[in-house]
Number of protein chains: 2
Amino acid sequence: MKKNVKRSECPISRALDILGDKWTLLIVRDIVFRGFRFYNEFLEGGEGIATNILSDRLKILESNGFLVSKKYELQKTRKVYTLTENGIGLIPILLEMLIWGFNFDDSLIIPNQKAEMMNEIIKRVKTDKDEFLREIVASVKSFDAKNYC
Amino acid sequence: MKKNVKRSECPISRALDILGDKWTLLIVRDIVFRGFRFYNEFLEGGEGIATNILSDRLKILESNGFLVSKKYELQKTRKVYTLTENGIGLIPILLEMLIWGFNFDDSLIIPNQKAEMMNEIIKRVKTDKDEFLREIVASVKSFDAKNYC
DNA sequence: TGCATAGCTTGTTTTTTGCAAGTAACAAAT
DNA sequence: ATTTGTTACTTGCAAAAAACAAGCTATGCA
């Protein structure tokens, strides 16, 4: 079980207390940019998270108010995980990481189509970030993700 | 020594492969928002990093091309750590974390003066982010940090 | 009963942490 | 000139925490 100690009052340090590991933001990415909502979707998300780590991070995200889980009425053995308003507040950080990952990791092999999508994202962030964020938030809320990554 | 395995081609996953821990971005914060340049400054940065972790993270940041270290000519036992252009590319992520930490962590006790500074930062990011980033970069390069956090 | 989903348990490996000791450059004292 | 001391890292080691992998359990269906 990952601990969550407050190391200092610095806002960046506080962000890293909660988000500073290899998995937490990846779950948020799956929800925001891939439209995932279920445990097994996160599990099969591509990076190979272990079941206990996934369970731990979902709990931490929920206990910190970034997401909520509730029974999926169409199939009662499953739970639906959705972002709260606080969870939605993480999208700008994800967006900057997306841009950073695209700009600075030369070893990333991004197919042409994806590169075009990225240029589009970068352009939109520069010209009308607030409107762009609103669109992403709307897509998350309507379970119709943008699939940007 | 922290590993750095490429888990997938996703830019966010790649960013988290390198940056996804509690210390790496804190060192970059110290350089960008506090004007730190020396090992002992990072060591005394407030969050209590261990000497071997600091040494490890500085090496990782250097080997990934985010910072360079060179002998400090005024005092040859010391090394000066400075950001590369790639390291400067991390500032937008830090800036979003700063804003996030300010907006969403209710337990953060931020004195009035700091709150005003934060509102100013948020306003500037919204109105002319590129110009604001240029100012921060200039302040980092001239060793005259903004002390935003 | 049999299957799927969610997630818990256990054992092992990896990483972090705290602390102690080591090295290198320089300066002041002997 | 040599010793001693100081600063600035750097390395090594043992204990603790976290991650990982695999198997197991509880619940709700069909």
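In the text below, chain A, chain B and the rest are named by the order of the sequence lines, each starting its count at 1. Treat the numbers as computed from the prediction; the structure is a model and nothing was measured.
Between A:Thr77 and C:dA6 there is no side-chain polar atom (N or O) within less than 4.0 angstrom of OP1 or OP2. An OP1 or OP2 oxygen of C:dG7 is reached within less than 4.0 angstrom by a side-chain nitrogen or oxygen of A:Tyr81.
Between A:Glu62 and A:Lys70 there is no salt bridge, since no side-chain N of the basic residue sits under 4.0 Å from a carboxylate O of the acidic one.
Using a 30° and 60° split on the angle between ring planes, A:Tyr72 and A:Phe38 fall in the perpendicular class, above 60°.
Annotation for A:Asn147: atom CG counts as buried by contact number, over 12 foreign heavy atoms lying within 6.0 Å.
Going from atom NZ of A:Lys2 over to atom P of C:dT15 covers 17 Å, rounded to whole Å. The distance between atom CD of A:Glu44 and atom P of C:dT5, rounded to the nearest whole Å, is 8 Å. Following rounding to the nearest Å, A:Ile53 (CD1) and C:dC8 (P) show an atom-to-atom distance of 12 Å. Taking atom CZ of A:Phe38 as the reference point, atom P of C:dA6 lies 8 Å away to the nearest angstrom. As rounded to whole Å, 13 Å separates atom P of C:dT9 from atom CG of A:Asp56. In this entry the distance linking CD1 of A:Ile60 with C1' of C:dG7 reads 15 Å, nearest Å. Following rounding to the nearest Å, B:Arg78 (CZ) and C:dC26 (C1') show an atom-to-atom distance of 13 Å.
Looking at heavy-atom distances under 4.0 Å, B:Lys22 makes no contact with the nucleic acid at all. Nucleic acid contact for A:Thr51: base, since at least one base atom lies under 4.0 Å from a heavy atom of the residue. Heavy atoms of A:Lys79 sit under 4.0 angstrom from primed sugar atoms or phosphate atoms, though from no base atom. No contact: B:Lys71 has no heavy atom under 4.0 Å from any strand.
Ranking C:dC26, C:dG7, C:dA6 by closeness to the A:Asn40 side chain, first place goes to C:dA6. The side chain of B:Asn52 has C:dT17 as its nearest neighbour among C:dT5, C:dT17, C:dG7.
In this structure, B:Arg124 is not positioned above the aromatic face of B:Phe132 in the sense of NZ or CZ being under 6.0 Å from the six-membered ring centre and within 45° of the axis.
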Derivation of the salt bridge (charged side-chain N to carboxylate O under 4.0 Å, His left out) call for B:Lys114 and A:Glu9 | CA-CA 11 Å; B:Lys114 197 138 216 170; A:Glu9 295 292 335; over 6 Å; no

Evaluate the salt bridge (charged side-chain N to carboxylate O under 4.0 Å, His left out) criterion for residues B:Lys146 and B:Glu120: first the C-alpha distance (whole Å), next the side-chain angles of each, then the deciding distance (0.1 Å), finally the verdict.
-> CA-CA 13 Å; B:Lys146 293 282 190 186; B:Glu120 183 63 25; over 6 Å; no

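Scanning DNA chain D 5' to 3' for nucleotides with an atom closer than 4.0 angstrom to a non-hydrogen atom of chain A gives a first and last hit of D:dA17 to D:dC29.
For A:Lys59, the salt bridge (charged side-chain N to carboxylate O under 4.0 Å, His left out) test picks out no residue, with sequence neighbours left out.
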